[in-house]
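Below you'll find the structure, written out as structure tokens, and then a few comments.
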Amino acid sequence: NDVTTDVVIIGGGGAGLSAAIAAKDKGSNVILVEKAAILGGNTNYATGGLNAAETSIQKNKGIKDSVEIFIDDTMKGGKNTNNKTLVEKMANSSAEIVDWLIEKGADLTDLGRMGGQSVDRTHRPTGGAPVGPNMIAALSKTAKESGVDIRLSTFAESIIYDGEAVKGIIVKAPNGQKYNINSKAVVIATGGFGANSDLIVENVASLKGFGTTNHKGATGDGIIMTKPLNVDLVDMEQIQTHPTVIPTNSVMITEAVRGNGAILVNRDGKRFINELDTRDVVSKAELNQKGGSAYLMFDENVKKSLKAIDSYDKKGYLTKGNTIEELAKNLDIPSKELEKTFSKYNESVKTGVDSEFNRQSLPTSLSQGPFYSVEVAPAVHHTMGGIKINENTEVLSNGKPIKGLYAAGEVTGGIHGSNRLGGNAVVDITVFGKIAGENASSFSK
Ligand code: ADP
């Protein structure tokens with residue numbers, strides 16, 4: 001039952017759905033295959049938000065920002081090992097993608113700040129609700145309504161390539177039967193390889209035994225299926241751990257909790273790091289504490305500021321104390337030390353200077369009981385390396401584009417360098433997903 005279309009998209013996460021909608025908007029026939037029974041991939045797990053500069057939302061709220069500062073923050077976050085051309089493209093397109101996503105039904109009207117950003121530019125749904133599910137719901141609805149042929153539980157096995165140009169893909173249908181989807185253009189949007197522990201350890205041996213925050217389909221299929229095409233890979237050893245993951249169930253606590261004021265405390269009841277330092281630095285600092293983990297602590301005001309925290313509470317992840325002393329007792333850590341830590345931190349909030357750890361953003365004092373804590377440790381979170389693309393999202397082999405082959409999203413590498421900033425994945429996957437869809441559409445004509 002082979003079929004023919006203009007553009008085929010592999011993967012139905014944020015990148016794939018953006019590509020599908022963009023190609024459809026340009027008048028192409030589009031088939032999107034997704035191996036899972038549902039759309040969304042890892043994007044469904046994206047909580048923090050979408051970083052963008054000079055947006056209509058920022059302007060409405062009187063926040064001054066510039067694309068230049070966004071580029072600088074991203075390069076600094078990635079230790080200047082990022083592909084600057086891709087970073088510039090992402091930052092320059094960021095305000096436009098916010099408007100595009102809002103037009104497609106996403107809610108990005110609330111603003112916050114994640115680690116490594118010098119301006120409030122993390123766009124998220126009202127009340128600080130998680131960005132991923134909101135965006136996936138909007139994009140799924142738009143894709144279906146606009147007539148994208150979405151094939152769920154359909155596994156893309158390989159790419160058809162004649163040595164000159166791609167000709168489509170071979171897929172396995174839900175009933176196990178294989179068929180060809182013939183097309184002039186293919187967009188790879190299969191996501192990262194955070195859930196493929198073999199591939200993780202092959203690239204970074206020290207991550208053996210680490211948990212992951214990723215959905216189980218993040219197995220690096222895009223990397224594996226492009227092997228016969230000899231595509232260029234970049235930064236494969238750059239694997240990010242997220243510093244606030246619950247060790248017992250691998251649930252990720254969004255960085256926005258720290259952004260809104262939470263602190264990290266060790267088993268001696270002491271702070272040990274600027275909580276908003278980059279993810280690699282915070283992860284490493286936690287592993288150096290007794291027990292290799294830490295407590296993320298906050299008060300009732302921080303809890304009220306973020307809907308996500310409500311859901312953590314309802315699911316029973318939080319330890320509570322009406323006073324700091326009670327919280328310390330419940331955690332079995334020294335209460336006098338913890339009280340000292342809170343009052344010292346609150347003093348820093350008052351003066352605006354964190355003389356101990358130089359935390360720049362001190363949004364609120366932690367003085368309104370009850371007080372809360374959740375134990376956190378680092379886990380594999382994002383694979384920053386992957387397929388090498390140019391700013392047109394063309395897949396490269398020996399530095400040259402392969403005709404008809406495009407890639408976008410976490411399957412690609414280079415944009416984040418050696419450290420991705422929170423909130424930069426969602427902008428990366430949507431900006432380059434849309435570009436991939438548009439260019440694949442033009443190529444197929
Ligand atoms: P991104 O953030 O780059 O969009 P996601 O993880 O959100 O990445 O989405 C990638 C999607 O691709 C997931 O839903 C995953 O199940 C799907 N996927 C991965 N490999 C394949 C494959 N071989 N065939 C079909 N779908 C795939």
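Just the heavy atoms: all of them, side chains too, but no hydrogens, waters or symmetry mates, feed the values below. Read the numbers this way: they start at 1 and go in the same order the structure lists the ligands and their atoms. All residue numbers refer to positions in the sequence shown, counting from 1.
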So, [X] and [Y], do they make that salt bridge, N to O below 4.0 Å?
X	Y	result
R151	D149	yes
D6	K184	no
R124	D107	no
D25	K104	yes

Quick one: which ligand 1 atoms are inside 4.0 Å of a heavy atom on [X]?
X	result
G409	3 (O)
G41	6 (O), 7 (O), 9 (O), 13 (C), 14 (O)
A189	10 (C), 11 (C), 12 (O)
E410	3 (O)
D221	20 (N), 21 (C), 22 (C), 23 (N)

Heavy-atom pairs closer than 4.0 Å: do any link ligand 1 to the side chain of I429, the backbone, both, or neither?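 The answer is the side chain of I429.
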
Residue, atom name and distance, where the atom is the protein heavy atom closest to atom 5 (P) of ligand 1: N42 N, 3.5 Å

Is any side-chain heavy atom of P401 closer than 4.5 Å to one of N390?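 Touching, per the 4.5 Å side-chain cut-off.
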
Side chain proximity check, D354 to L362, heavy atoms < 4.5 angstrom: yes

When you compare ligand 1 with A156, is there at least one nitrogen or oxygen pair between them that comes in under 3.5 angstrom?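 Between A156 and ligand 1, an N or O pair is found under 3.5 Å apart.
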
Check for me whether the distance between the ring centres of H416 and H382 falls short of 6.0 Å. yes

Does L39 come within less than 4.0 angstrom of ligand 1, counting non-hydrogen atoms of the residue? no

